Amino acid sequence: MSVRVRFAPSPTGDLHVGGARTALFNWLFARKTGGTFILRVEDTDGARNTAEASAGIIKGLRWLGLDWDEGPEIGGPCGPYFQSQRKDIYDAYLKRLEDAGRVYTEENGAVRFKFSRTAITVHDLVCGDVTFAPTEEPDMTVRRPDGSYIFHFVNVVDDIEMRMTHVFRGEDHLSNTWKHIDLFHAFGATPPIYAHIPLILNPDGTKMSKRDEGSAIEHSYMNAGYLPDAVFNYLCLLGWTPKTEAEKLSRAELTALFDAEAIHSSNAKFDLKKSLWFNAQYLRELNADDLLRHARPFLAARGLSWADDAVAAAAVHSVREKISLLAELPEWVHYFFREDFPFEADVLAKLKARPENAGLLKAAGESLAQAAEWSEQSVHDAVEAAARTLNVKPGAMMPLLRFALSGQSRGPGVTTIAHLIGREKTLTRIERALGQF
RNA sequence: GACCCCUUCGUCUAGCGGUUAGGACACAUCCCUUUCACGGAUGCGACACGAGUUCGAUUCUCGUAGGGGUCGCCA
């Protein structure tokens with residue numbers, strides 16, 4: 001029987017890292033086994049679910065590159081894939097329970113499922129066999145007085161209807177799984193194979209919730225300038241190890257290596273620094289054009305624009321090894337795009353402390369003005385010549401030029417900056433900087 | 001409170017009876033260097049505790065402690 005797995009989010013808010021990783025593991029398992037990955041939106045609680053949240057979750061999944069074979073936007077043989085549209089199916093299933101005498105209605109109209117009250121064992125791919133003693137909990141409500149259904153009921157009904165073979169979900173569901181199995185049995189159905197995956201915790205060990213740093217996919221990752229591949233890679237390694245030398249692995253490698261039984265049973269803490277490291281790794285291997293494509297919205301957000309894509313691409317590419325997030329890009333490249341960039345005060349003060357600096361900068365400018373051509377090499381040669389004439393090291397001039405051309409004390413090579421902005425702007429900027437001394 | 005899961009460097013983890021307990025991130029130092037970075041090298045740093053099994057426990061069993069989860073007409 002071919003594998004069928006699903007990600008079943010409740011659209012009560014943004015896609016959360018925990019949910020994203022649950023989706024990721026399901027996706028990995030489906031792709032690895034050649035199975036089917038289904039997206040099902042569990043929006044049975046009209047009071048809490050919103051269409052915006054639903055759209056946001058879909059947007060987040062797409063951004064991560066998790067495509068589904070059945071579900072919203074593409075349909076499939078087991079639709080509809082929004083539980084809010086499946087009431088008839090649930091009514092029919094409830095009828096079966098009624099016929100079997102397994103439910104009863106409360107005074108106010110709520111319907112409860114009679115637990116079998118037998119010992120129930122969950123055979124879990126991650127946790128092993130977990131046996132729950134006959135319960136003493138009150139019977140479980142499956143339908144509200146208003147006719148809408150409760151999670152446990154619709155979740156099981158849909159897993160039967162959609163013929164799920166495996167269920168990868170957060171470990172927070174483990175303690176309730178016996179209820180689901182009880183329901184499967186009541187329907188005369190065979191439960192899927194469960195795999196309860198560990199939770200992602202905050203650095204302090206508390207449960208990660210919507211407000212916590214690094215929890216919301218759109219806010220903490222998409223908008224911060226992470227690359228989807230980096231997040232995909234990092235999240236995979238939280239709760240599972242491919243046992244390879246390298247940790248930076250492509251989707252194809254991760255998919256091939258994925259092993260459900262190797263998923264850990266202990267929770268993992270989210271490590272911001274490591275997630276940034278992963279992103280930096282992916283960022284620096286992007287070519288200039290791809291980097292610019294990803295950088296566009298971040299540069300635009302800071303009001304930076306340009307006429308020549310090639311120069312802009314070269315500019316962002318020149319600082320690719322200095323950033324961890326795309327959102328950091330503007331502060332590293334803004335001076336490539338404008339002539340009125342600010343001179344950083346502390347850097348200026350430091351440079352002015354040496355009275356000879358103004359003369360050195362002026363000499364460098366004059367030498368640059370006479371360069372025969374304009375390449376990184378010729379810029380370098382011109383500075384070197386000027387330095388030699390004044391009997392100083394080129395290293396004494398470079399910081400001055402860097403400051404003149406960028407207003408900063410850090411950045412790509414001075415020759416790279418000069419080459420990219422061209423001779424005219426280089427000379428103008430030197431003049432402007434000289435005015436500061 | 002009851003029940004369930006978990007416990008190796010600060011963090012992610014390798015380990016599946018005998019290892020100098022390995023790697024990655026972070027951190028520190030050094031090297032490289034026109035800056036900031038990258039990169040390279042080195043260092044710091046862990047088996048929660050107590051019993052038991054065993055010739056021998058990080059590894060198996062039990063207990064304790066700690067952490068997490070579940071006990072909804074939320075999902």
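Being a predicted model, the structure only gives us computed values, none of them experimental. Within every chain, numbering begins at 1; the chains are lettered A, B, ... in the order of the sequence lines, protein sequences first and strands thereafter.
Close to B:C74, at under 4.0 Å from its OP1 or OP2, lies a side-chain N or O of A:R144. Between A:T44 and the phosphate of B:A75, there is a side-chain N or O to OP1/OP2 separation shorter than 4.0 Å. One finds a side-chain N or O of A:T141 lying less than 4.0 angstrom from the OP1 or OP2 phosphate oxygen of B:C73. Within the structure, every side-chain polar atom (N or O) of A:K322 is placed at least 4.0 Å from both OP1 and OP2 of B:G39.
In this structure, of B:A75, B:U34, B:A14, it is B:A75 that holds the atom nearest to the side chain of A:F151. Which of B:A37, B:U34, B:A75 sits closest to the side chain of A:T415 comes down to B:U34. Side-chain atoms of A:T206 lie closest to B:G68 of the nucleotides B:U13, B:C73, B:G68.
Among pairs with a residue in residues 243-262 of chain A, those fulfilling ring pair (Phe, Tyr, Trp, His ring centres under 6.0 Å) read A:F25-A:F258, A:W240-A:F258, at least two apart in sequence or across chains. The stretch residues 342-371 of chain A participates, sequence neighbours left out, in these ring pair (Phe, Tyr, Trp, His ring centres under 6.0 Å) pairs: A:F341-A:F343, A:F343-A:F403.
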Which protein N or O atoms sit under 3.5 Å from an N or O of nucleotides 4-12 of chain B?
residue: B:C5; atom: O2'; partner: A:E171; partner atom: OE2; Å: 2.9
residue: B:C12; atom: OP1; partner: A:K269; partner atom: N; Å: 3.0
residue: B:C12; atom: O2'; partner: A:L237; partner atom: O; Å: 3.0

Find every protein N or O atom lying less than 3.5 Å from an N or O atom of nucleotides 41-43 of chain B, and list the pairs.
none

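A search for salt bridge (Lys or Arg N to Asp or Glu O under 4.0 Å) contacts involving A:K352 returns nothing, not counting sequence neighbours. A search for salt bridge (Lys or Arg N to Asp or Glu O under 4.0 Å) contacts involving A:E52 returns nothing, not counting sequence neighbours. A:E384 pairs by the salt bridge (Lys or Arg N to Asp or Glu O under 4.0 Å) definition with nothing, not counting sequence neighbours. In this structure, A:D14 has no side chain to side chain donor-acceptor pair (under 3.5 Å) partners at least two apart in sequence or on a different chain. Evaluation of the salt bridge (Lys or Arg N to Asp or Glu O under 4.0 Å) rule for A:E137 yields A:K179 as partners, not counting sequence neighbours. For A:D158, the side chain to side chain donor-acceptor pair (under 3.5 Å) criterion is met by A:Q83, A:R86, A:Y90, not counting sequence neighbours.
Residues A:P412 and A:G205 each lie close to RNA chain B; by heavy-atom proximity, the contact nearer the 5' end of the strand is made by A:P412.
For the pair A:D43 and A:S54, the minimum side-chain heavy-atom distance is 4.5 Å or more.
The partner of B:G63 is B:C49, by the rule that a Watson-Crick or G-U pair needs both atom distances under 3.5 Å.
The distance between atom CD1 of A:I200 and atom P of B:G69, rounded to the nearest whole Å, is 14 Å. As rounded to whole Å, 14 Å separates atom C1' of B:U34 from atom CG of A:L368.
Donor-acceptor pairing under 3.5 Å, judged by distance alone, is absent between the side chain of A:N176 and the base of B:C71.
Taking a 4.0 Å limit (strictly below) on heavy-atom distances, residues 382-406 of chain A reaches RNA chain B at A:G395, A:M398, A:R402.
The residue A:N108 sits close to a base: some heavy atom pair falls under 4.0 Å.
When only modelled atom types and interatomic distance are considered, A:H152 and A:H180 share a side-chain donor-acceptor pair under 3.5 Å.
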Under 3.5 Å, which donor-acceptor pairs link side chains of residues 311-323 of chain A to any protein atom two or more places apart or in another chain?
residue: A:H317; atom: ND1; partner: A:R320; partner atom: NH1; Å: 3.4
residue: A:H317; atom: NE2; partner: A:L286; partner atom: O; Å: 3.2
residue: A:H317; atom: NE2; partner: A:R320; partner atom: NE; Å: 3.4
residue: A:S318; atom: OG; partner: A:A315; partner atom: O; Å: 2.6
residue: A:R320; atom: NE; partner: A:R284; partner atom: O; Å: 3.4
residue: A:R320; atom: NH1; partner: A:H317; partner atom: O; Å: 2.7

